[in-house]
There are 2 protein chains.
Amino acid sequence: MSAVDKAFHGLRHMIATGRLGAGQRIPPEGELCEELGVSRGSLREAVRMLAALGVIEPRHGSGTYVSPLRPEDVIGSLSLTLELLPLTGLLEVYEIRRVLEAHVAAQAAARCTPEEVGTLFALIEAMEATDDPTKASELDHRFHSEIARIGGNPTLASLLSVFRARSRKYQVFTLPEGPELRRKSDEDHRVLATAIADHDPVAAAGAAQAHVAQTERWLRAFMPPVEEDSVEADSVREDGNAS
Amino acid sequence: MSAVDKAFHGLRHMIATGRLGAGQRIPPEGELCEELGVSRGSLREAVRMLAALGVIEPRHGSGTYVSPLRPEDVIGSLSLTLELLPLTGLLEVYEIRRVLEAHVAAQAAARCTPEEVGTLFALIEAMEATDDPTKASELDHRFHSEIARIGGNPTLASLLSVFRARSRKYQVFTLPEGPELRRKSDEDHRVLATAIADHDPVAAAGAAQAHVAQTERWLRAFMPPVEEDSVEADSVREDGNAS
DNA sequence: GGCCCGGAGTCATCTGATGACTTTTCTCTG
DNA sequence: CAGAGAAAAGTCATCAGATGACTCCGGGCC
């Protein structure tokens, strides 16, 4: 077992066994190095691994703390890498979204309060009122997140949030067909929110599934290019190396 | 932005834009340090982060390679941390499992071939034939993984595999009530496999959901203690502290 | 009492050196 | 010429030391 692995599993074991509890500050680097028998460099690499996985959180100048270990802390680490998956993976994610969004919609229909229904319709109206595609996409995300929250399962809500973030990279609303798509999307939202307000889980599940499926079809049809940062001209194409 | 963040996002950007493709070897540490403007230590921490997330894989003496970027590569990183979640998180995971297992069962019922049905029943018979709880748990995992595979969505299959691994930590079959639970579990498996063999998605979904719900009830009822010392490489034998 | 400042504690980063492992290349032998 | 073995190059793994940056707290000053 390598030194970094030793430090990684040692730290993970301390957390799993409760010796280091959620939110607690872990011992300083020096002490951990001595206890785990590795150098500071190796320990720091292990700490970075756990930080990337959302388990611990170093704070410059203060110390390193165990995360609250809530589901979103751990699942959120997926958002950094999910968008690296190829396109076939994205379509598979949509199938999962269909199923889970339908489930949370049904749960929300069974559990929602009048205040929560009001929030949903307020988001819909804000969505219909804006012309900014970016803002509309943001509100769309909040609308679905609110439904997931009402569903009552934070783990599921954070998982869906990650999946939606991956989909949002492709901004269908900025296409020439965007306004038309948005109008249909708004209709879907009203159908979904109405079903939830009526406490009709079956209708809500159906509406949610249809909505996701519609988005997926649009994506398949148009497949806009994704641009995530500055567009660097591929001047560096050193494909002809010595191999 | 810190040096490690600079290296992390720089590497991630190279992969996202395709400059570093799946399976490809990335430049050696020295070159990347110069290009990204960070020291070797910082670069190595960034590499470790991406490795923890399943995106790249360093090979001692050979180089560092981009992973195949298959869904299981990225989702598998969750398995290292999901078991750190508190118990409430586990129960939420069970709700997700209920929904997704039902879905893959329905998909499998719609898509399965006679050969795949044969595999399922062979696994059931092997499960019923063994007395070893550990082996039974292993076969149970393979049975459900096979159904998920037949379902046709590798991303979903790997996600469910991670969720099941979390549940398997609690070995209900080793309890005093284990044999009784196993008998009922075997019945569930036969019902599920029969529904799949009959190409009856509705029955398959219902059977899968009921099976997961049953397991969840057992876990709530007995809640056996978790023992996680699966790694026997006790190179650190100085753990005999005051804990 | 409130504000400013300095010191202790901690993480962040860099540099240099050495060891371990893999892959390639070359030489020697048959 | 072919093959096996050794040598060499390339790369990651690990350690040690030093310095900088940041946070937090407490004491001194107004």
Side-chain angles (χ1 to χ4, degrees), chain A residues 1-12 14-15 19-21 23-68 73 80 238 240-243, chain B residues 1-12 14-15 19-68 73 231 233 235-236 238:
Chain A
M1 178 182 291
S2 71
V4 175
D5 280 355
K6 201 180 356 175
F8 178 81
H9 286 109
L11 278 173
R12 182 166 151 277
M14 288 183 197
I15 298 171
R19 184 172 151 196
L20 296 179
Q24 186 177 342
R25 193 175 89 168
I26 74 177
E29 291 178 344
E31 291 182 23
L32 284 176
C33 289
E34 187 177 0
E35 176 172 349
L36 296 169
V38 300
S39 72
R40 280 207 300 283
S42 301
L43 176 75
R44 283 183 57 80
E45 290 182 26
V47 166
R48 286 288 187 183
M49 291 172 70
L50 285 166
L53 294 169
V55 175
I56 62 181
E57 176 193 355
R59 298 180 200 168
H60 191 174
S62 172
T64 302
Y65 299 76
V66 180
S67 88
D73 298 322
L80 287 171
E238 48 186 357
N241 55 10
S243 61
Chain B
M1 177 180 290
S2 69
V4 175
D5 280 355
K6 196 174 12 170
F8 178 81
H9 286 108
L11 277 172
R12 182 165 150 277
M14 289 184 196
I15 298 171
R19 184 173 152 197
L20 296 177
Q24 187 178 342
R25 194 176 87 170
I26 73 176
E29 290 178 346
E31 290 182 25
L32 284 177
C33 289
E34 187 176 0
E35 176 172 349
L36 296 169
V38 299
S39 71
R40 284 201 301 284
S42 301
L43 175 74
R44 284 183 57 79
E45 290 181 26
V47 166
R48 287 288 187 182
M49 291 171 72
L50 286 167
L53 294 170
V55 175
I56 63 181
E57 175 194 356
R59 299 179 198 166
H60 191 175
S62 172
T64 302
Y65 299 76
V66 180
S67 87
D73 298 321
V231 180
S235 54
V236 188
E238 54 182 353

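Protein chains get the first letters and strands the later ones, always in sequence-line order, with residue 1 at the start of each.
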(Q) Restricting to non-hydrogen atoms, name the atom on B/V38 and the atom on B/A3 that form the minimum distance, rounded to 0.1 Å. (A) CG1-O, 3.5 Å
Q: Would you indicate whether B/E34, at its atom CD, is surrounded by more than 12 heavy atoms from other residues, nucleotides or ligands within a distance under 6.0 Å?
A: no
Q: Only counting residues at least two apart or in another chain, list the ones meeting side-chain contact (heavy atoms from CB on, under 4.5 Å) with B/R48.
A: A/V4, A/E45, A/M49, B/R44
Q. Rounded to whole angstrom units, what separation is found between the CG atom of B/D5 and the C1' atom of C/dC11?
A. 14 Å
Q: State, yes or no, whether a side-chain contact exists between B/T64 and B/L32 at a heavy-atom distance under 4.5 Å.
A: no
Q: Using modelled atom types only, decide if a donor and an acceptor are shared between the side chain of B/R12 and the backbone of B/L50 within a distance under 3.5 Å.
A: no
Q) When you measure from every atom of DNA chain D, which of residues 48-57 of chain A have a heavy atom less than 4.0 Å away? A) none
Q: Output the residues of residues 23-31 of chain A in contact with DNA chain C, where contact means a heavy atom of the residue under 4.0 Å from an atom of the strand; sort by number or write none.
A: A/R25, A/P28, A/E29
Q: Compare every heavy atom of B/G21 with every heavy atom of B/V66, then report the nearest pair and how far apart it is.
A: CB-O, 3.3 Å
Q | With B/P28 via side-chain contact (heavy atoms from CB on, under 4.5 Å) - residues at least two apart | A | B/E31
Q) What is the distance from CG of A/L43 to P of C/dA12, rounded to the nearest Å? A) 11 Å
Q. Are A/T64 and C/dC11 close enough that a side-chain N or O sits under 4.0 Å from OP1 or OP2?
A. yes
Q.
Any non-hydrogen side-chain atom of A/V55 less than 4.5 Å from a side-chain atom of A/L11?
A. no
Q. Where do B/S42 and B/A7 come nearest, in terms of heavy atoms and distance?
A. O-CB, 4.5 Å
Q | Under 4.0 Å protein heavy-atom contacts per nucleotide of nucleotides 16-27 of chain D, with B for base, S for backbone only and - for none | A | -BB-BBBB----
Q: Determine the minimum heavy-atom distance between A/F8 and A/A46, stating which atoms define it.
A: N-CB, 3.5 Å
Q. Distance-only, no hydrogens or angles: does the A/S67 side chain make a donor-acceptor pair with backbone N or O of A/G54 under 3.5 Å?
A. yes
Pairwise N/O distances under 3.5 Å, protein to nucleotides 4-7 of chain C:
none

Q | Spacing of A/R44 atom CZ relative to C/dC11 atom P, expressed in whole Å | A | 8 Å
Q: Figure out the CD/C1' separation between A/E45 and C/dC11, and round it to whole Å.
A: 16 Å
Q) For B/I15 and B/I56, what are the C-alpha separation, side-chain angles and deciding distance, and is it a side chain to side chain contact (heavy atoms under 4.5 Å, CB included)? A) CA-CA 10 Å; B/I15 298 171; B/I56 63 181; 3.9 Å; yes
Q) What heavy-atom pair brings A/P27 and A/L20 nearest, and what distance separates the two atoms? A) CD-CD2, 4.1 Å
